Asker: 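My questions will all concern the structure given below.
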Amino acid sequence: MKKHDIDELEKLQKQLSSNISLKNTFKLTDIKLVAGIDIAYWSNEGIDYGVCCIVVFDYLTKAIIEEVHHIDKIEFPYISGYLAFRELPLVLDTVKKLKNFPDLYMFDGNGYLHNRHMGIATHASFYLKKPTIGVAKTYLKINNVDFIEPENELGSYTEIVVNEEVYGRTLRTRENVKPIFVSCGNWIDLDTATHVVLHFVEKNSRLPITTRYADLATHEVRREELSRIKK
DNA sequence: GCGACAG
DNA sequence: ATCTTGTCGC
């Protein structure tokens, strides 16, 4: 990837970022279906492949309503700060397979917590036309700002503030585990995003089950694909 | 050359 | 992300 190409991607991110809104466009009581999205990778004969899995949950009962996946070649490299350009094409093709329409999407990665506020969750919202939330497992440092460790208690969080602005939260989802990093994708406020994440956190995992199940599903598909290749 | 680096 | 077993500590 050359610097000139990166400049173009950055330009697109800046254009899109002017349309971000961190206010709820919905009432929480109207949220029925919430989707968790993740991708797993492998390579075969020098070609990179990825599978995107989307698991749709009923918000109230947490029952799984639908599960779809889509496999394709991955052309774009991973570049920190430009994850959406690598993963979003596969995500959008997978969304097309859904028969149910989620009211909210949760991503593995950041949203507003990004140099230009354009992590994958935010970037995706403009194509999905729905509220999104970013949930990252590791910290993406912005302008050399470190995160503040939250108290060692379920639900404790600290704000990630860069240039006087709140970019996201460091959230403890269980005792004695590393925190996760929650940020708004779009059309949702940070309090609501945090609330939804905690709603889907169960005591088995540090991640909300939306993201967790999507992650497990991608591993399943990859395992099947790899064994198919060998035969 | 060295360190940083969501997934 | 991925390559990977046991092991230390709640």
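Treat the numbers as computed from the prediction; the structure is a model and nothing was measured. Just so it is clear: chains get the letters A, B, ... in the order the sequence lines come, proteins before strands, and each one is counted from 1. When reading the values below, keep in mind they use all heavy atoms of this one structure, side chains included, and skip hydrogens, waters and symmetry mates.
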Asker: Over how many whole Å does the gap from Lys141(A) atom NZ to dC5(B) atom P extend?
Answerer: 6 Å

Asker: Take the protein atom CG of Asp48(A) and the nucleotide atom P of dA1(C), then report the distance between them rounded to whole Å.
Answerer: 15 Å

Asker: Nearest-Å distance, CG (Leu90(A)) to P (dG7(B))?
Answerer: 17 Å

Asker: Please report, rounded to the nearest Å, how far the C1' atom of dA6(B) is from the NE2 atom of His123(A).
Answerer: 15 Å

Asker: Ring-plane angle category for Tyr105(A) and Phe107(A), please: parallel below 30°, perpendicular beyond 60°, tilted otherwise.
Answerer: tilted

Asker: Please work out if Ile120(A) contacts a base, only the sugar-phosphate, or nothing of the nucleic acid, heavy-atom cut-off 4.0 Å.
Answerer: base

Asker: Expressed as a whole number of angstroms, how long is the span from Asp146(A):CG to dA6(B):C1'?
Answerer: 16 Å

Asker: Is the shortest side-chain N/O distance from Lys137(A) to OP1 or OP2 of dA1(C) below 4.0 Å?
Answerer: yes

Asker: Does Tyr139(A) reach a base, just sugar-phosphate, or nothing at all? Heavy atoms under 4.0 Å.
Answerer: sugar-phosphate

Asker: Check whether the aromatic ring of Tyr78(A) stacks on the base of dA1(C), taking stacking as ring centres less than 5.5 Å apart and planes within 30° of each other.
Answerer: no

Asker: Counting the benzene-type ring for Trp, do Phe85(A) and His123(A) have ring centres under 6.0 Å apart?
Answerer: yes

Asker: Considering just the side-chain nitrogens and oxygens of Ser80(A), establish if one lies under 4.0 Å of OP1 or OP2 belonging to dA4(B).
Answerer: no

Asker: Please report, rounded to the nearest Å, how far the P atom of dA6(B) is from the CG atom of Asn115(A).
Answerer: 11 Å

Asker: Separation of Asp108(A) atom CG from dG7(B) atom P, in whole Å?
Answerer: 6 Å

Asker: Which part of the nucleic acid, if any, lies within reach of Tyr82(A) when heavy atoms closer than 4.0 Å are counted: base, sugar-phosphate only, or nothing?
Answerer: base

Asker: Do Arg212(A) and Asp38(A) meet the salt-bridge criterion of a basic N to acidic O distance under 4.0 Å?
Answerer: no

Asker: Taking the six-membered ring for Trp, is the centroid-to-centroid distance between Tyr82(A) and Phe76(A) below 6.0 Å?
Answerer: no

Asker: Could you tell me how the ring of His117(A) sits relative to the ring of Tyr112(A): parallel (under 30°), tilted (30 to 60°) or perpendicular (over 60°)?
Answerer: parallel

Asker: Which nucleotide, dG7(B), dC5(B), dC10(C), lies nearest any side-chain atom of Asn176(A)?
Answerer: dC10(C)

Asker: With sugar-phosphate meaning primed atoms plus P, OP1 and OP2, does His219(A) contact a base, only sugar-phosphate, or nothing at under 4.0 Å between heavy atoms?
Answerer: sugar-phosphate

Asker: At 4.0 Å (heavy atoms only), tell me whether Gly134(A) reaches a base, stays on the sugar-phosphate, or touches nothing.
Answerer: nothing

Asker: Figure out the CD/P separation between Glu87(A) and dG7(B), and round it to whole Å.
Answerer: 9 Å

Asker: Pick the closest DNA chain C nucleotide for Asp215(A) and for Glu175(A) by heavy atoms, then say which residue is nearer the 5' end.
Answerer: Asp215(A)

